[in-house]
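Here is the structure we will look at, set down as structure tokens.
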Amino acid sequence: GVMFDGLAHGIPFVASNIGFFHEFVAMGLGVISRRDPAAFSKAIMKVDANYEYFTRNVDKFSPKLKWDFIADQHAAIYHSSAVKKGIKKL
């Protein structure tokens, strides 16, 4: 989604207060906001005032969004599943 594209390019996010985003807010990658203009404006100002904090966290997280990392994770999941099923060759 758009949030992941932004994070992959080193940009923190401001998002609606939907449960999905809470995990990423907890990592310090962005902020959530109520869905009204005043709250959204306040959230943008929070990111602006703490931009170095957010970008530092985004820089640490963004390698996890690279295709090589994602492919390695998928391969590990498939391998683990195959081992559990007793499959010797993939």
Side-chain angles (χ1 to χ4, degrees):
V2 173
M3 179 192 73
F4 291 118
D5 287 342
L7 292 173
H9 287 92
I11 302 169
F13 69 88
V14 175
S16 296
N17 188 4
I18 298 173
F20 171 80
F21 297 111
H22 290 238
E23 174 183 355
F24 302 100
V25 169
M27 292 183 221
L29 304 175
V31 297
I32 53 175
S33 169
R34 289 187 326 273
R35 296 182 84 174
D36 69 73
F40 193 73
S41 176
K42 187 175 179 180
I44 291 172
M45 289 188 292
K46 181 177 181 178
V47 169
D48 184 51
N50 300 287
Y51 197 73
E52 287 182 33
Y53 165 78
F54 288 111
T55 56
R56 189 170 41 252
N57 292 331
V58 169
D59 287 345
K60 290 177 189 173
F61 180 78
S62 64
K64 295 178 182 177
L65 300 173
K66 304 271 187 244
W67 284 113
D68 288 344
F69 182 82
I70 293 168
D72 288 344
Q73 283 186 315
H74 280 82
I77 291 168
Y78 295 142
H79 179 75
S80 174
S81 181
V83 167
K84 288 179 185 174
K85 297 275 187 188
I87 300 170
K88 304 218 185 258
K89 290 185 177 183
L90 294 179

- request: Evaluate the criterion ring pair (Phe, Tyr, Trp, His ring centres under 6.0 Å) for residue pair Phe4 and Phe61; output intermediate values, then yes/no.
  value: CA-CA 10 Å; Phe4 291 118; Phe61 180 78; 7.2 Å; no
Does [X] belong to the same Ile/Leu/Val/Met/Phe/Trp/Tyr cluster as [Y], with side-chain heavy atoms less than 4.5 Å apart forming each link?
X	Y	value
Val14	Met45	no
Phe21	Leu29	yes
Val58	Met3	yes
Ile18	Met27	yes

field: Residue pair Val31, Phe54: steps toward the side chain to side chain contact (heavy atoms under 4.5 Å, CB included) verdict
entry: CA-CA 9 Å; Val31 297; Phe54 288 111; 3.6 Å; yes
Spatial distance of atom CZ (Phe24) from atom CG (Leu7) [nearest 0.5 Å]: 8.0 Å
statement: Note: Lys46 and Asn50 closest approach over all heavy atoms is O-ND2, 2.9 Å
For the pair [X] (side chain) and [Y] (backbone), establish whether a donor and an acceptor sit closer than 3.5 Å, ignoring hydrogens and angles.
X	Y	result
Thr55	Tyr51	yes
Asp48	Ile44	no
Ser33	Ala39	yes

Heavy-atom check, side chain of Pro12 versus side chain of Val47, under 4.5 Å: yes
task: Using side chain to side chain donor-acceptor pair (under 3.5 Å) as the criterion, list what pairs up with Arg56, not counting sequence neighbours.
output: none
side-chain hydrogen bond (donor to acceptor under 3.5 Å, both in side chains) contacts in which one or both residues fall within residues 20-30, not counting sequence neighbours: Asn17-His22
